[in-house]
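Everything below concerns the one structure shown next.
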Amino acid sequence: MDYIKLRKNNLCVENISALSLAKKYKTPFYCYSLSQLKSNFYNFSSAFKGTKPLVCFSVKSNSNLSLLKELKKMGSGADVVSAGELLKALRAGINPNKIVFSGVGKTTEEIELAIKKRVLLINMESENEAILINKVSGKRSKITSVGIRLNPDVTGKTNKKISTGGKEDKFGLSQNDFIILCKKISKMKNLKLEGLSVHIGSQITSTKPFKKVLTIINKVISKTKINFKFIDLGGGMGISYSNKEKKLNLSQYGKFVKKFIEDKKAKIIFEPGRFIAANTSILVSKIIYIKKSNNKNYIILDAGMNDLMRPALYNAHHKIIPLKKSNKSIIGNIEFVGPICESSDKFLSQKNFSKVREGDYVAITNVGAYGMSLTSNYNTRPIVAEILVNGSSHKLIKKRQSLENLINN
Ligand code: LLP
């Protein structure tokens with residue numbers, strides 16, 4: 001079920017017309033559907049129900065506290081990569097024994113915090129990190145549960161900038177180094193090696209690379225002869241941002257994982273971000289100007305690349321729809337741009353669009369993952385607000401940053 005859609009030419013978020021929200025709240029703002037978030041979480045869990053995984057929502061994809069609290073209620077854990085994300089997950093009420101700490105560059109302070117808060121697992125990415133965690137644990141007379149991130153040298157056929165599983169990428173350890181580190185850890189008194197983790201990249205829409213990774217993990221496990229308590233398969237499950245893009249066959253992936261785990265006692269962990277959050281949100285924006293120039297219709301929005309980085313950063317496609325669709329169209333070269341002083345501040349080009357005027361509103365779609373979490377104050381613009389819709393009610397879940405606060409330092 002799709003909870004954000006056009007109904008009789010009016011874009012609705014659940015039972016509320018987005019136009020009524022645009023008139024109430026100052027644009028631009030992110031607007032989420034709680035029912036969509038729930039539906040995604042349950043769909044994800046049910047695709048893997050045969051393996052009963054621990055689902056740790058990847059907080060980097062969206063760290064809004066209200067959304068994290070909702071996910072916690074659904075039973076989600078958290079995948080965190082910084083002290084800030086860890087504290088936010090805890091503030092949302094997520095139990096530390098459902099939190100995994102990932103990341104290639106954890107600082108001593110972050111390691112101390114993770115140990116103090118007793119997270120389930122710290123996924124390590126180098127020998128030196130293992131030495132540091134062992135030392136910090138020793139000082140506190142603690143034994144810390146750790147995992148090692150394997151770099152399987154498998155890429156997910158995705159955008160290069162969001163691929164992490166190739167041997168040239170900075171992440172994890174090669175199969176050989178992984179096996180060597182397992183042996184060394186057995187001599188580190190304050191570490192307990194419990195996990196093997198992988199994450200090969202994001203927005204992956206084919207099950208093939210995931211299947212390949214499972215085969216490689218099997219190979220590595222048989223070489224280490226370790227019965228890992230946790231096998232953390234990371235995130236990366238893609239969504240379809242446009243009609244042309246294919247959908248990931250999650251239930252097929254579920255079957256692969258079920259077969260993979262049959263002969264093992266390990267608990268599977270997943271760290272999905274995009275799959276859970278991406279289609280839960282739109283970025284609502286007002287058309288400031290329509291400028292005809294150079295054979296183009298520039299539709300200049302009040303949202304800019306600082307509010308949504310993905311098109312500028314990855315050339316990512318986010319469909320734009322009017323909040324109120326007209327029966328007439330604009331035909332020609334149409335370019336949706338923001339007000340930022342950069343040529344890359346461009347969201348989308350297309351050949352026709354519903355007839356719109358200055359002062360009308362549009363929605364940039366599928367922005368719930370890596371939308372708000374990648375915003376910045378570039379051009380000294382305030383961070384936008386976030387609104388949550390639940391059925392026929394709506395509420396502000398993050399206030400728009402005030403100009404007062406913005407100009408203080
Ligand atoms: N686990 C680890 C260790 C990760 O590095 C990531 C994402 C995830 C889980 C969650 O991956 P997901 O399920 O969301 O694909 N800013 C980029 C995406 C960067 C992803 C970084 N790591 C974008 O907007 O496409």
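Just so you know, these numbers use all the heavy atoms, side chains as well, and skip hydrogens, waters and symmetry mates. One-based numbering, in listed order, for ligands and for the atoms of each.
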Looking at [Y] and [X], is any side-chain nitrogen of the basic one under 4.0 Å from a carboxylate oxygen of the acidic one?
| X | Y | result |
| --- | --- | --- |
| Glu129 | Lys106 | yes |
| Lys88 | Glu85 | no |
| Lys60 | Asp79 | yes |

| request: Give the numbers and elements of all ligand 1 atoms closer than 4.0 Å to a heavy atom of Gly235. | output: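 Close to Gly235: 9 (C), 13 (O).
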
| For Gly273, atoms of ligand 1 separated by under 4.0 Å from a heavy atom |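 Contacts of ligand 1 toward Gly273, numbered from 1: 12 (P), 13 (O), 14 (O).
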
| query | Just heavy atoms, cut-off under 4.0 Å: does Leu313 contact ligand 1 by side chain, backbone, both, or neither? | reply |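 None of Leu313 does.
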
State whether [Y] and [X] meet the cation-pi test: NZ (Lys) or CZ (Arg) under 6.0 Å from the six-membered ring centroid, and within 45° of the perpendicular axis.
| X | Y | answer |
| --- | --- | --- |
| Arg310 | Tyr241 | yes |
| Lys52 | Phe48 | no |
| Lys211 | Phe256 | yes |

Distance from [atom] to nearest protein heavy atom, with residue and atom:
| atom | answer |
| --- | --- |
| atom 24 (O) of ligand 1 | Arg310 NE, 2.6 Å |
| atom 11 (O) of ligand 1 | His199 CE1, 3.4 Å |
| atom 15 (O) of ligand 1 | Ser202 OG, 2.4 Å |
| atom 19 (C) of ligand 1 | Ile162 CG2, 3.9 Å |
| atom 21 (C) of ligand 1 | Lys60 CD, 3.8 Å |
| atom 14 (O) of ligand 1 | Tyr370 OH, 2.6 Å |
| atom 3 (C) of ligand 1 | Glu271 OE1, 3.4 Å |

| field | Aromatic ring proximity Phe353/Phe336, centre distance under 6.0 Å | value |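 So the answer is yes for these two rings.
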
| message | Determine whether Leu113 and Leu87 satisfy the following criterion, side-chain contact (heavy atoms from CB on, under 4.5 Å), listing intermediate values before the conclusion. | response | CA-CA 9 Å; Leu113 183 69; Leu87 291 172; 4.0 Å; yes

| query | Out of Glu125, Arg274, Met309, whose heavy atom sits nearest atom 25 (O) of ligand 1? | reply |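 Heavy atom nearest to atom 25 (O) of ligand 1 belongs to Arg274.
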
| said: Tell me whether Ser102 has any N or O atom under 3.5 angstrom from an N or O of ligand 1. | reply: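 Among all N and O atoms of Ser102, none is under 3.5 Å from an N or O of ligand 1.
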
| task | Check whether any N or O atom of Pro272, backbone or side chain, sits under 3.5 Å from an N or O atom of ligand 1, and answer yes or no. | result |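 Among all N and O atoms of Pro272, none is under 3.5 Å from an N or O of ligand 1.
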
Taking a cutoff of less than 4.0 Å between a non-hydrogen atom of the residue and any ligand atom, is [X] in contact with ligand 1?
| X | answer |
| --- | --- |
| Gly236 | yes |
| Arg149 | yes |
| Tyr314 | yes |
| Ser61 | no |

| Looking only at heavy atoms, which two atoms of Gly75 and Phe41 are closest? And how far apart? |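 Looking at all heavy atoms of both residues, the closest pair is C-CZ, 4.3 Å.
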
| With a 4.5 Å limit on heavy-atom distance, are the side chains of Val55 and Ile269 in contact? |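 No - every pair of side-chain heavy atoms lies 4.5 Å or more apart.
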
| Does a side-chain heavy-atom distance below 4.5 Å link Met372 with Val384? |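 Met372 reaches Val384 side chain to side chain.
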
